[in-house]
2 protein chains.
Amino acid sequence: MQRLAQRPQSVTDLAAELPISRPAVSQHLRVLKRACLVTDRPVGTRRIYEVDRDGLAALRRELDQLWGATLDNFKRIAEQAEQEQS
Amino acid sequence: MQRLAQRPQSVTDLAAELPISRPAVSQHLRVLKRACLVTDRPVGTRRIYEVDRDGLAALRRELDQLWGATLDNFKRIAEQAEQEQS
DNA sequence: AACTTACGTAAGTGTCAGCTTACGAAGTCG
DNA sequence: CGACTTCGTAAGCTGACACTTACGTAAGTT
């Protein structure tokens with residue numbers, strides 16, 4: 001994702017920058033695609049992947065919300081423990 | 001952690017509320033103790049565990065900071081992708 | 001048409017987290 | 001002291017994950 005955030009890239013180019021094999025990159029991309037975090041388009045024999053802006057934004061919103069709820073719980077538990085101490 | 005946040009409890013009592021065995025609970029508690037998230041004290045043959053307020057607060061601070069940094073990166077990448085689109 | 005490049009997928013493998021059962025240690029109570 | 005409770009730990013199992021190699025396919029090249 002970080003690499004793709006820099007610029008759209010082919011599978012082989014991505015694998016060249018990473019310490020894993022090309023098929024491994026394909027498998028990662030398959031998951032990311034299914035999660036709507038990347039999109040791909042064929043260009044000749046190659047296949048260019050790039051980040052899916054909409055999917056990324058949606059994930060961000062969900063994470064924001066989840067983190068807010070988690071933090072609220074966290075705060076509540078911590079304050080509750082603190083209160084029972086005193 | 002949620003159970004312990006309600007009230008300090010023994011290992012057996014905790015295991016009774018959870019879908020796993022008593023030794024499994026012990027193993028979880030060992031990790032939590034090593035992470036300074038719970039404390040324990042012997043009471044007769046039993047051993048009462050409770051949340052470590054200080055450790056929990058420290059974790060909260062670290063998570064707040066980490067999440068802030070992560071969100072900044074996230075925002076930067078998203079806005080960068082958005083900008084290159086237009 | 002033959003060859004090359006780029007890719008996806010299937011099949012196999014190593015590793016690890018998390019669980020279980022079995023056992024031993026420490027404390028309590030008759 | 002002996003029986004009982006509570007707990008920790010060791011040993012072993014299992015499923016999932018992430019990777020690899022091998023192979024088949026589609027598109028471009030000579």
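So that the names make sense, note that chain A is the first sequence line, chain B the second, and so on, each numbered from 1. Since we're looking at a predicted model, the values are computed, not measured.
- In this structure A:V43 satisfies the side-chain contact (heavy atoms from CB on, under 4.5 Å) test together with A:R41, A:I48, sequence neighbours excluded.
- Listed by residue number, the members of residues 20-31 of chain A with any heavy atom below 4.0 angstrom from DNA chain D are A:I20, A:S21, A:P23, A:A24, A:Q27, A:H28.
- Tested against A:D13 for a salt bridge (charged side-chain N to carboxylate O under 4.0 Å, His left out), the candidates A:R46, A:R7, A:R3 yield a single pass: A:R46.
- Here C:dA6 presents its P atom at 17 Å from CG of A:D40, a figure rounded to the nearest Å.
- The CG-P distance, from A:L14 to D:dC19, rounds to 13 Å in whole Å.
- For the pair A:R47 CZ and C:dT5 C1', the computed distance is 15 Å after rounding to whole Å.
- The CZ atom of A:R41 sits 22 Å away from the P atom of D:dA26 (whole-angstrom rounding).
- A 4.5 Å side-chain heavy-atom check between B:L29 and B:R47 finds every atom pair outside the cut-off.
- For D:dC7, one of the phosphate oxygens OP1 or OP2 lies less than 4.0 angstrom from a side-chain nitrogen or oxygen of B:S10.
- Distance B:I48 CD1 to D:dG8 P: 11 Å, rounded to the nearest Å.
- Taking atom CZ of residue A:R46 and atom C1' of nucleotide D:dT25, one finds them 18 Å apart after rounding to whole Å.
- Taking atom CG of residue B:L18 and atom C1' of nucleotide C:dT20, one finds them 16 Å apart after rounding to whole Å.
- A distance of 10.5 Å separates OG in A:S26 from NZ in A:K33, rounded to the nearest 0.5 Å.
- In this structure, the side chains of B:L4 and B:L32 stay at 4.5 Å or more apart for every pair of heavy atoms.
- In this view, B:D54 and B:D52 satisfy the side-chain contact (heavy atoms from CB on, under 4.5 Å) rule, not counting sequence neighbours.
- Considering only side-chain N and O atoms, A:Y49 lies nowhere under 4.0 angstrom from the phosphate OP1 or OP2 of C:dA6.
- Between A:V43 and B:T45, the residue anchored nearer the 5' end of DNA chain D, judged by the nucleotide with its closest heavy atom, is B:T45.
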